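Everything on this sheet refers to the single structure shown next.
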Amino acid sequence: MSSTKSNSGSSGSSGRKRILYDAHGTRVKGSIFSNKYVKFLLFYVIPYFVINGIILLLVCSTPSISVELKDTNNYITTEAVFTVKSILPIKELNVSLESEPIEYEKSGSSYKCTVSKNGTLFIEAKALNGMARSNYTDVGILDDTAPSVDESSINISRGDLSFTISDTQSGVNYDSIIGIINDSEEIRPADYDKNTGYVTFKIPKMTDSIELRFEDMVGNARSGRISLTTEGSITDSSITDSSEAENSVSIDTQTDETAAAQ
């Protein structure tokens with residue numbers, strides 16, 4: 001008689017695992033999913049961490065904000081381009097400059113707004129889950145300061161009043177420089193050098209005071225009064241209120257709050 005392989009193990013009573021064979025006599029391997037530990041891991045542990053991880057991600061997800069401040073072409077305005085990224089939709093977006101709301105528009109996947117003065121640009125994005133992110137960007141590239149006169153450079157000699165003027169952003173508008181003699185006669189500089197900022201006035205005789213007026217290239221204006229001694233010389237170059245000093249040089253450096261219309 002020919003011998004045949006048994007389809008079952010010999011230890012049903014001894015507790016050993018049964019060994020199975022197919023019709024061709026090849027041993028049949030048990031499925032990994034038949035292991036109770038694997039089944040517990042796949043159907044309970046992993047889904048638990050995945051589901052709770054997704055819930056935690058959605059609950060704690062916070063938007064991200066990136067801001068790019070463009071260079072200014074005219075020193076009057078600049079453009080801020082910002083991108084807001086969030087897993088959840090953005091339900092609220094606030095943009096302000098020095099606490100004053102400014103308008104913005106969506107441009108593709110980003111936003112842009114026009115900034116017309118220096119200060120702190122504030123952007124706040126709030127997602128659908130209530131989580132918010134804020135961004136503060138300092139804007140300081142616009143010209144909102146009038147030109148200044150170097151106090152130590154003021155000099156008068158042989159009827160010539162000279163000084164050095166400068167503006168670090170848009171530049172001095174030399175065509176705007178005038179002098180008002182004794183509150184009545186208007187004169188223009190006799191000479192100036194744009195490279196050095198050196199300005200010269202021819203001062204008429206019997207001049208008691210000269211009021212200087214000047215602007216930068218975007219219209220920020222400033223004025224200052226210079227008082228002369230009876231001999232036509234400078235005795236004091238300190239910057240003070242001209243109403244408090246006699247026979248001295250005094251320059252009122254109050255800047256006009258309103259720039260010239262562009």
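None of the values given here were measured: they were computed from a predicted structure.
With respect to Glu124 and Lys126, no salt bridge is recorded, no charged nitrogen being found less than 4.0 Å from a carboxylate O. The pair Lys202-Asp160 meets the salt-bridge criterion, with a side-chain N (NZ, NE, NH1 or NH2) lying under 4.0 Å from an Asp/Glu carboxylate O. Under 4.0 Å is where a charged nitrogen must lie from a carboxylate oxygen, and between Lys112 and Glu105 at least one such pair does. For Glu215 and Arg213, the salt-bridge test fails: no basic side-chain N is under 4.0 Å from an acidic carboxylate O.
Residues Tyr174 and Ile165 come closest through the heavy atom pair CE2-CG2, 4.1 Å. Minimum interatomic distance between Cys113 and Glu103 (heavy atoms only, all atoms of both residues): CB-O, 3.3 Å. The shortest non-hydrogen separation linking Leu142 to Ser116 is CD1-C, 3.5 Å. The minimum heavy-atom distance between Asp167 and Thr145, with the atom names listed, is OD2-O, 3.3 Å.
Under the 3.5 Å distance criterion, the side-chain polar atoms of Asn220 are matched with a main-chain donor or acceptor of Asp143. Within the 3.5 Å criterion, the main-chain N or O of Leu88 finds a donor-acceptor partner in the side chain of Ser86. A donor-acceptor pair is defined here as one N or O able to donate and one able to accept, closer than 3.5 Å; such a pair exists between the side chain of Asn182 and the backbone of Asp208. Formation of a donor-acceptor pair under 3.5 Å by the Asp193 side chain with backbone atoms of Gly197 is not found in this model. Remark: the backbone N or O of Gly179 is not paired with any side-chain donor or acceptor of Arg188 at under 3.5 angstrom. Proximity of a side-chain donor or acceptor of Thr83 to a complementary backbone N or O of Ser66 within less than 3.5 Å is not detected. Between the Ser99 side chain and the Ser96 main chain, no donor and acceptor come within less than 3.5 Å of each other.
Within the 4.5 Å cutoff, no side-chain heavy atoms of Ile123 are placed close to those of Tyr136. At least one side-chain heavy atom of Ile187 sits less than 4.5 Å from a side-chain heavy atom of Ile181. At a threshold of 4.5 Å between non-hydrogen side-chain atoms, the residues Ile102 and Leu121 count as touching. The closest side-chain heavy-atom distance from Leu93 to Val84 is below 4.5 Å. Two residues are said to be in side-chain contact when any heavy atoms from C-beta on lie closer than 4.5 Å; Thr200 and Leu161 fail this criterion. Between Ser166 and Ser148, some side-chain heavy-atom pair lies under the 4.5 Å cut-off. Phe214 has its side chain out of reach of Val199: every pair of non-hydrogen atoms, C-beta onward, lies at least 4.5 Å apart. The side-chain heavy atoms of Leu69 and Val139, taken from C-beta on, include a pair separated by under 4.5 Å.
The cluster map of Ile, Leu, Val, Met, Phe, Trp and Tyr, joined by side-chain heavy atoms under 4.5 Å apart, puts Ile90 and Val67 in the same cluster. No chain of hydrophobic side-chain contacts below 4.5 Å, direct or via other Ile, Leu, Val, Met, Phe, Trp or Tyr residues, connects Ile65 to Val81. Both Ile177 and Tyr192 are assigned to one and the same hydrophobic cluster, defined by single-linkage of ILVMFWY side chains at heavy-atom distances under 4.5 Å. Under a hydrophobic-cluster definition in which Ile, Leu, Val, Met, Phe, Trp and Tyr are linked whenever side-chain heavy atoms come within less than 4.5 Å, directly or via other members, Val218 and Val115 are assigned to different clusters.
Residue Ser227 holds its OG atom at 10.5 Å from CD of Glu211, rounded to the nearest 0.5 Å. With rounding to the nearest 0.5 Å, the separation of CG in Asn118 from CD in Gln169 is 6.5 Å. For the atom pair Thr62 OG1 and Lys85 NZ, the distance stands at 15.5 Å (nearest 0.5 Å). Atom CG of Leu97 and atom OG1 of Thr137 lie 10.5 Å apart (nearest 0.5 Å).
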Intermediate values then yes/no, side-chain contact (heavy atoms from CB on, under 4.5 Å), Ser61 and Asn129: CA-CA 8 Å; Ser61 176; Asn129 60 358; 4.1 Å; yes
List the steps, then state whether side-chain contact (heavy atoms from CB on, under 4.5 Å) holds for Ile46 with Val50. CA-CA 6 Å; Ile46 293 179; Val50 171; 4.0 Å; yes
Audit row: Leu228, Ile226, side-chain contact (heavy atoms from CB on, under 4.5 Å) steps and yes/no: CA-CA 7 Å; Leu228 306 178; Ile226 298 178; 3.9 Å; yes
How far apart are the C-alpha atoms of Asp216 and Val172, what are their side-chain angles, what is the distance that settles it, and do they pass the side-chain contact (heavy atoms from CB on, under 4.5 Å) test? CA-CA 4 Å; Asp216 60 17; Val172 178; 5.9 Å; no
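With sequence neighbours excluded, the residues that form a side-chain contact (heavy atoms from CB on, under 4.5 Å) with Thr164 are Asp150, Ser153, Tyr198.
No more than 12 heavy atoms of other residues, nucleotides or ligands shown are found within 6.0 angstrom of NZ on Lys194.
Between Phe82 and Tyr104, the two ring planes are perpendicular [angle over 60°; tilted spans 30° to 60°].
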